[in-house]
**Student:** 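Handing you a structure now.
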Amino acid sequence: MSVLNGKKILLGVSGGIAAYKTASLVRLFIKAGAHVQVIMTPASKDFVTPLTLSTLSKNPVHSSFFNQDDEDAVWNNHVDLALWADLMLIAPATSNTLSKMTTGNSDNLLVATYLSAKCPVYFAPAMDLDMYKHPSVLSSFTALKSFGNIMIPAESGELASGLSGEGRMAEPENIIAFLEADLESKLPLKGKKILITAGPTYEAIDPVRFIGNHSSGKMGFDLANEAANLGAQVILVAGPTHYKAKNGLVKVINVVSAQDMYDACHEYFNDVDVAIAAAAVADYRPKVVALQKIKKAADEFSIELEKTKDILASLGAIKKNQFLIGFALETENEIENAKLKIQKKNLDLIVLNSLQDEGAGFKKETNKVTFIDQDFKIEPMELKSKESVAVDILNKVVLHFAKS
Ligand code: CTP
C-alpha cells in the first residue's frame, strides 16, 4: 500500500507546458489512494483545462479568490485549503511562481495558499535549460529550500523550445516515487521492528473440540496496521481469527495454541525493538489431549487442566532494550492488579481494560483504556474506536523513541 494512501494532497499548477502532465499526476495520486484538490494559476489554464483536472481529482478546481460565475460570489478560502492539506505540491513550478513564493507576492490563489500552508511543501520546477541555470532561479531554489520546502529536481531531455537539457519537469511517475520515498523515510517508526500478538488461542481437548475465548483479534490487527502505517516492520502473531491485515506490509504468523504463540514470539523477540501483547492467551489447557474424539458416556465429565506459559512474562524476563507493552483485562481492583502485572511481567507500559466500562472489551468496536507506565503514572483515556486506541498506543511507542 502506498504511503500516499489517505493523504490529502493540494496540487498547485502553474503556467508552463508541463502543466499538461498534471493530468497523469492527478490520476496517479488517486490510484495511490490520495485525496486531491487542485489550485491553478490563471496562466496554467492555457495548458490544461480545469475540467480535466476536476474530473480526474473528483473535486472542483480552484483558481481565483472568488468564483466569478456564482451569483453570490463565494470566496475561495486559501487558509482552509492550506490547512486541509497533508502536503502541498507545486508542479509544474515555473520561474515566475517560484519567485513569487520566495518574495510572498500573493497575487494569485496558488501563492496565497502556499503562504498559508503549514504542511510540507514540495515543488517540481519546469523551465527551459538556460532559465533553470539562471542565478535568479537558482536563488529561488536556495531560498525555498531554506524555508524547508523540498525540491523535486527537473530532469534532462528535450524541452518545449526544441533545445535539449535540464529543465523538464520530473515525470509524474518519478514525482510520485520521490514523494513516496521522502514520506516513507520520515515515518516515525521507520527502521523499527514490532512484534504484536493478537486474538484468542485454542487449546485442544480432542481432535474436534477446544477451549477458547471470545477475543476477536481486532485490537491486535488495528495495532499492526497502524504500526505498519507509521513505517514499522511488523510481525503479527495471530491466534484463530477472521481478520486480515489491511496493510500488506504486516507479516502475519498464524498460530492456534498458547504454546504455538509462545514459540513464534520467542523466534522473533530478540530481533525486535517493541513487543505488544494484545492476545487473549488461554491461561490453562487440557493436560492430556485425546487422540480420538471423546465419546459421550458418563453423566458427568471433567477435564484436568494445566497452566500455559505466560508469553508476556517470558518476554519480560529476557528483554534487553525492547519496549514491552502488555494489556490487562480486569473486572475488579483494576489499577492495583494492573500495577502488579507491570512488575510481575517486567513491562514498560500496560493498557488496562476494565470490563466494568461500557463499550470496552471483547467483540466490541470500541475500547476504553487506561495507560499505566513503569513509574505507575496513570492516564485514563476516553471511550474510542479500537483504531483510535491503536493510534494512542503507538503514539506512546513513538514518544518512547523520541525520548531515547
Ligand atoms: N498473556 C500472555 N500469555 C499468557 C497470558 C497472558 O502473553 N499465557 C498476556 C496478554 O496478552 C496480556 C497480558 O498478558 O497482554 C495480561 O493478560 P490478562 O489475561 O489480563 O492477565 P493474566 O496474566 O492472564 O492474569 P489473570 O488472568 O490472572 O488476570
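Ligands are counted one by one from 1 in listed order, and the atoms in each one are counted from 1 as well. Quick caveat: nothing in here was measured; it's all calculated off a predicted structure.
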**Student:** If the condition is salt bridge (charged side-chain N to carboxylate O under 4.0 Å, His left out), which residues does Lys287 pass it with, not counting sequence neighbours?
**Tutor:**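 Result, salt bridge (charged side-chain N to carboxylate O under 4.0 Å, His left out) vs Lys287: Glu304.
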**Student:** Output all residues satisfying side-chain contact (heavy atoms from CB on, under 4.5 Å) with Asn229, sequence neighbours left out; order by chain, then residue number.
**Tutor:**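 So Asn229 forms a side-chain contact (heavy atoms from CB on, under 4.5 Å) with Met1, Glu226, Asn247.
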**Student:** Listed by chain and number, what are the side-chain contact (heavy atoms from CB on, under 4.5 Å) partners of Asp128, not counting sequence neighbours?
**Tutor:**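 Asp128: side-chain contact (heavy atoms from CB on, under 4.5 Å) contacts with Met131, Leu159, Ser161, Leu163.
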**Student:** Just say parallel, tilted or perpendicular for the rings of His400 and Phe323, cut-offs at 30° and 60°.
**Tutor:**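 Aromatic pair His400/Phe323 classed parallel.
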**Student:** Using a strict threshold of under 4.0 Å (side-chain N to carboxylate O), is an ion pair present between Glu171 and Arg168?
**Tutor:**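 Yes, charged N to carboxylate O under 4.0 Å.
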**Student:** Report all N/O contacts between ligand 1 and the protein shorter than 3.5 Å as a table of atom names and distances to 0.1 Å; if there are none, say 'none'.
**Tutor:**
residue  : atom   : partner : partner atom : Å
ligand 1 : 3 (N)  : Ile311  : N            : 3.0
ligand 1 : 7 (O)  : Leu312  : N            : 2.9
ligand 1 : 8 (N)  : Lys309  : O            : 3.0
ligand 1 : 11 (O) : Ala277  : O            : 3.4
ligand 1 : 11 (O) : Ala279  : O            : 2.6
ligand 1 : 14 (O) : Lys345  : NZ           : 2.9
ligand 1 : 15 (O) : Ala277  : O            : 2.7
ligand 1 : 15 (O) : Phe327  : N            : 2.8
ligand 1 : 15 (O) : Phe327  : O            : 3.3
ligand 1 : 20 (O) : Leu329  : N            : 3.0
ligand 1 : 20 (O) : Lys341  : NZ           : 2.8
ligand 1 : 21 (O) : Lys341  : NZ           : 2.9
ligand 1 : 23 (O) : Lys345  : NZ           : 2.5
ligand 1 : 24 (O) : Asp283  : OD1          : 3.0
ligand 1 : 24 (O) : Asp283  : OD2          : 3.2
ligand 1 : 27 (O) : Asp283  : OD2          : 3.1
ligand 1 : 29 (O) : Lys341  : NZ           : 2.9

**Student:** I'd like to know if the side chain of Asn367 and the backbone of Met219 have a donor-acceptor N/O pair within less than 3.5 Å.
**Tutor:**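 The answer is no, because no donor-acceptor pair under 3.5 Å joins these two groups.
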